[in-house]
Amino acid sequence: MRVTQITEVSKARVRVSTDEESDFTLYKSELRRFRIRQGEEIEEDALGAIMEELLPKRAKLRAMNLLKNRDYTVKQLQEKLREGGYPEKIITEALGYVESFHYTDDCRYAVNFIRNHVQDRSRRRIEQDLLGRGIRRDTLERAWDEWEAEGGSQNEQAMIGNLLKKKGFDCQAASLKECRKMYGFLMRKGFSGEQVCRALSQTKLSFEEN
């Protein structure tokens, strides 16, 4: 494996690019320790020590330290390790390591997220947020099932009613323009058109028109 480029990442760390598309990040002191120079081959013993010992251990510790402070989805943790300059093979190994101890669990993450946000976000908004965090659709459905089995429930009509009250919105006195504006606001909050129309059913606006 030949080093094609060495790029400074910080005062202490550098990114080592190779001709085998297996880039990795080291401390500058480790460059000297393993005698790594741009344009030269990495010695076999040095490469083995880096890829089989140094970086796997470091990636696992990094993942563990991240999970000490908060939960991450597998995708979020994967992205964090990529930001750290770890090769994909080593990232996969580190993710497998923390998962083996159940430190990562996307279903558990999703259930906790639902529990924490079910009173201030619509179901569709919650699902969009979780899908954006890398939660799979089947895992998401399982999380909803587990949350509901715990006795969880959500009343989106009550949530919309609270938003209307907070906004001081008077359905009877509102103009057509004001009703349309409120409709758009509630839709952006993630509520379905059906739920919004039902909540605003007392207005003079028919949302099926135009």
Side-chain angles (χ1 to χ4, degrees), residues 62-86 88 91 94-95 98-99 102-210:
R62 173 61 175 158
M64 294 282 283
N65 285 332
L66 286 168
L67 290 165
K68 281 181 182 178
N69 299 320
R70 49 160 286 195
D71 277 342
Y72 285 84
T73 66
V74 172
K75 180 182 177 181
Q76 288 175 327
L77 199 58
Q78 184 182 55
E79 290 172 350
K80 281 289 186 180
L81 292 175
R82 281 177 181 158
E83 290 172 6
Y86 295 100
E88 289 299 317
I91 291 174
L95 293 175
V98 294
E99 186 178 2
H102 304 289
Y103 294 142
T104 55
D105 184 328
D106 279 0
C107 186
R108 181 184 67 209
Y109 181 100
V111 171
N112 287 334
F113 189 92
I114 292 168
R115 191 181 293 124
N116 291 333
H117 295 288
V118 74
Q119 297 303 322
D120 57 39
R121 301 184 192 183
S122 67
R123 176 166 179 147
R124 184 161 61 179
R125 172 67 184 278
I126 289 172
E127 291 184 349
Q128 289 172 345
D129 290 344
L130 287 171
L131 290 169
R133 286 165 168 75
I135 301 294
R136 290 163 47 103
R137 173 62 67 177
D138 59 339
T139 302
L140 182 53
E141 292 300 326
R142 183 156 50 93
W144 281 113
D145 288 343
E146 288 191 15
W147 174 73
E148 289 171 356
E150 294 175 356
S153 63
Q154 185 183 49
N155 186 338
E156 292 197 354
Q157 284 296 295
M159 293 170 68
I160 294 173
N162 288 335
L163 284 171
L164 293 175
K165 185 176 180 180
K166 185 177 180 181
K167 288 283 186 179
F169 186 78
D170 185 340
C171 293
Q172 292 297 328
S175 67
L176 184 67
K177 182 178 179 180
E178 289 169 336
C179 286
R180 284 178 171 158
K181 185 177 179 180
M182 180 55 66
Y183 178 83
F185 167 76
L186 293 170
M187 288 292 288
R188 289 191 294 276
K189 285 290 185 179
F191 297 105
S192 69
E194 179 184 357
Q195 291 280 9
V196 174
C197 286
R198 187 184 306 167
L200 297 174
S201 62
Q202 300 303 312
T203 69
K204 55 195 163 187
L205 175 65
S206 170
F207 290 103
E208 294 181 354
E209 293 180 359
N210 301 322

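For reference, positions follow the sequence shown, starting with 1. Both backbone and side-chain heavy atoms feed into the values below; hydrogens, waters and symmetry mates do not.
Using a cut-off of 4.0 Å between Lys/Arg side-chain N and Asp/Glu carboxylate O, Asp138 and Arg142 are scored as not salt-bridged. Here Arg137 pairs with Glu127 in a salt bridge; the nearest charged N to carboxylate O distance falls below 4.0 Å.
None of Leu67, Leu66, Val74 except one satisfies the side-chain contact (heavy atoms from CB on, under 4.5 Å) rule with Val98; the exception is Leu67.
Contact record, Trp144 with Ile126: CZ2-CG2, 4.0 Å, taken as the closest heavy-atom pair. Annotation for Ser153 and Trp147: closest pair N-CH2, 3.2 Å, computed over non-hydrogen atoms. Across every non-hydrogen atom of Cys197 and Tyr183, the tightest pair is SG-CE1, 3.9 Å. For Met187 against Ser192, the heavy-atom pair with the smallest separation is SD-C, 3.8 Å. Closest heavy-atom contact between Tyr109 and Tyr72: CD1-C, 3.9 Å. Of all heavy-atom pairs spanning Ser122 and Gly190, the tightest one is OG-O, 2.8 Å.
Distance check, rounded to the nearest 0.5 Å: CD of Gln76 to OG1 of Thr104 gives 11.5 Å. Residue Lys167 holds its NZ atom at 12.5 Å from CD of Glu178, rounded to the nearest 0.5 Å. Separating the CG atom in Asp71 from the CZ atom in Arg133 is a distance of 12.0 Å, to the nearest 0.5 Å. Between the SG atom in Cys107 and the CD atom in Glu141 there is a gap of 11.0 Å [rounded to 0.5 Å]. Atom CD of Gln78 sits about 14.5 Å away from atom OH of Tyr86, to the nearest 0.5 Å. To the nearest 0.5 Å, atoms CG (Leu81) and CD (Glu83) are separated by 9.0 Å.
With sequence neighbours excluded, the residues satisfying side chain to side chain contact (heavy atoms under 4.5 Å, CB included) with Asp120 are His117. Checked against ring pair (Phe, Tyr, Trp, His ring centres under 6.0 Å), Tyr103 has the following partners two or more places apart in sequence or in another chain: Phe101.
The number of heavy-atom neighbours closer than 6.0 Å to CD of Glu150, taken from other residues, nucleotides and ligands shown, is above 12. Remark: Arg123 CZ is packed, more than 12 non-hydrogen atoms of other residues, nucleotides or ligands lying under 6.0 Å away.
Looking only at side-chain heavy atoms (C-beta outward), Phe113 and Ile135 stay at 4.5 Å or farther from each other. Looking only at side-chain heavy atoms (C-beta outward), Arg125 and Asp129 come within less than 4.5 Å of each other. When side chains are defined from C-beta on, Leu130 does not count as touching Thr73, because their heavy atoms never get closer than 4.5 Å. Residues Leu186 and Ile160 meet the side-chain proximity criterion, which asks for heavy atoms closer than 4.5 Å. Counting heavy atoms from C-beta outward, Asp106 and Arg136 have side chains that stay 4.5 Å or more apart. Using a 4.5 Å heavy-atom threshold, the side chains of Leu131 and Gln128 count as separate.
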* To do: Take Asn155 and Met159 through the test side-chain contact (heavy atoms from CB on, under 4.5 Å) and record every step on the way to the result.
  => CA-CA 6 Å; Asn155 186 338; Met159 293 170 68; 5.8 Å; no

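Between the side chains of Asn65 and Arg62, no donor-acceptor pair is found at a separation under 3.5 Å.
For residues 73-82, every residue pair satisfying the salt bridge (Lys or Arg N to Asp or Glu O under 4.0 Å) rule, not counting sequence neighbours, is listed here: Arg82-Glu88.
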